[in-house]
Amino acid sequence: MTSTIAIEVNQLRKTYGKEQLVAVDDISFDVNRGELFGLIGPDGAGKTSIFRMLTTLLLPEKGTAKVDGYDVVADYKQIRKTVGYMPGKFSLYPDLTIEENLRFFATVFGTTIAQNYHLIEDIYVQIEPFKDRRAGKLSGGMKQKLALCCALIHKPTVLFLDEPTTGVDPVSRKEFWEMLKRLKGQGITILVSTPYMDEATLCDRIALIQYGKILSINTPQKMIQQYPDQLFAIKADRMYELIKALRKYPGVMDCYAFGEYAHVSFKNSFEGDKLRSYLITEGLTRIEIKPVPPTIEDYFIKLLKN
């Protein structure tokens, strides 16, 4: 019977250098077959090291991991045949054209573009008009689409995408996630990493990661529901002075900048008129105070403070 688990990670650890700097700190998680799973965290959190171990490019120092039932150390050859990997840095051949890159990767895996064209058709039609253009001359969004086509051309069962939308314009980011939804519909298991908290809600489940440790694993909706406090968004004419004033205010539990607002939670019951009067005495004007629903980013910040 085929396992329902596509990726199994158990107590995986990786350190670097003579100082033994910990990049991945005894992490464990599973990804279900056919799931779109996100590793969410800032730069330096350990996401790329995890991806490189799972795709057999790095050896773990401790722990075990399996991809499609294959051990990442003992069965590395089988894993390399069955997974697709799109690294964070564009790594295709810049002097080859779009078509030449795609044909090359198909040949490496013993297939042809025509054989698995159905997998990439929705993506490739967007870049096909430029198929004779060298990859190094493509825009960020087009490089992203070509890299995804090359990762899919051998019909992988599991797809690893390491920060695929970093440095890409908002329109291309949106298009990319729509493509991932369609790929998931074809039964491909997808593990994606991103530093963008707004992309977390587009995953089936996510793991929040910082300093090589997993802080929480759940669906995005359940994480938001677990946020324990009433949250308020507060704005005034001067953000820096507003943050300083709020952090001095008795009863403030958490306070941090969030776009053009400060997100604030209180230890006790909230008294809006009293707070507004206080901010006015601090010399602030154009004050706006409103309750807001928490986001994944608010939940992540809360976990870091615990």
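Any value given below was found using the heavy atoms of this structure, including those in side chains, with hydrogens, waters and symmetry copies removed.
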Return the [atom1] to [atom2] distance between [X] and [Y], rounded to the nearest 0.5 Å.
X      : Y      : atom1 : atom2 : result
Ile296 : Tyr227 : CD1   : OH    : 12.0 Å
Glu128 : Glu121 : CD    : CD    : 9.0 Å
Asp229 : Asp254 : CG    : CG    : 7.0 Å
Tyr70  : Thr82  : OH    : OG1   : 6.5 Å
Phe232 : Tyr261 : CZ    : OH    : 14.0 Å
Ile190 : Leu180 : CD1   : CG    : 5.0 Å

Asp298-Tyr256 side chain donor-acceptor pair, cut-off 3.5 Å: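 Yes.
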
Donor on one side chain, acceptor on other, Gln144 and Thr165, under 3.5 Å: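 No, no side-chain donor-acceptor contact under 3.5 Å.
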
Atom OH of Tyr196: over 12 foreign heavy atoms under 6.0 Å: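 Yes, enclosed.
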
Lys213 atom NZ, neighbour heavy-atom count above 12 within 6.0 Å: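 No - once you tally the heavy atoms of other residues, nucleotides and ligands closer than 6.0 Å, there are 12 at most.
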
Any side-chain heavy atom of [X] within less than 4.5 Å of one from [Y]?
X      : Y      : answer
Arg80  : Lys77  : no
Phe160 : Leu54  : yes
His263 : Val292 : yes
Lys248 : Tyr278 : yes
Thr111 : Lys155 : no
Leu183 : Leu148 : yes
Val24  : Arg13  : no
Pro195 : Thr166 : yes

Excluding sequence neighbours, so at least two apart, what forms salt bridge (charged side-chain N to carboxylate O under 4.0 Å, His left out) with [X]?
X      : answer
Lys290 : Glu288
Lys181 : none
Glu199 : Arg173
Lys62  : Asp26

Parallel, tilted or perpendicular: ring planes of Tyr124 versus Tyr117, cut at 30 and 60 degrees: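 Aromatic pair Tyr124/Tyr117 classed perpendicular.
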
Parallel, tilted or perpendicular, as decided by the 30° and 60° cut-offs, for the rings of Phe37 and Phe29: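 Parallel: the ring planes of Phe29 and Phe37 meet at under 30°.
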
Heavy-atom pair with the smallest gap, counting every atom of Ile123 and Cys149: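 In terms of heavy atoms, the two residues are closest at CG2-SG, 3.7 Å.
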
Say whether [X] and [Y] are linked into one hydrophobic cluster, either directly or through other cluster members, by side-chain heavy-atom distances under 4.5 angstrom.
X      : Y      : answer
Leu303 : Met197 : yes
Leu36  : Val158 : no
Val125 : Phe176 : yes
Met53  : Ile5   : no
Val108 : Leu57  : no

Residues [X] and [Y] bridged, charged N to O under 4.0 Å:
X      : Y      : result
Lys184 : Asp204 : yes
Arg182 : Glu178 : no
Asp75  : Lys66  : no

Partner of Arg33 by side chain to side chain donor-acceptor pair (under 3.5 Å), out of Thr157, Thr4, Asp68: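 Among Thr157, Thr4, Asp68, the one that satisfies the side chain to side chain donor-acceptor pair (under 3.5 Å) with Arg33 is Asp68.
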
For Glu100, side chain to side chain donor-acceptor pair (under 3.5 Å) partners two or more places apart: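 Partners of Glu100 by the side chain to side chain donor-acceptor pair (under 3.5 Å) criterion, ordered by chain and then number, come out as Thr97.
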
Residues in ring pair (Phe, Tyr, Trp, His ring centres under 6.0 Å) contact with Tyr85, at least two apart in sequence or another chain: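 For Tyr85 there are no ring pair (Phe, Tyr, Trp, His ring centres under 6.0 Å) partners, ignoring immediate neighbours.
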
Any donor-acceptor N/O pair, Thr194 side chain to Ile40 backbone, under 3.5 Å: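 Pair absent, no side-chain N/O of Thr194 close to backbone of Ile40.
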
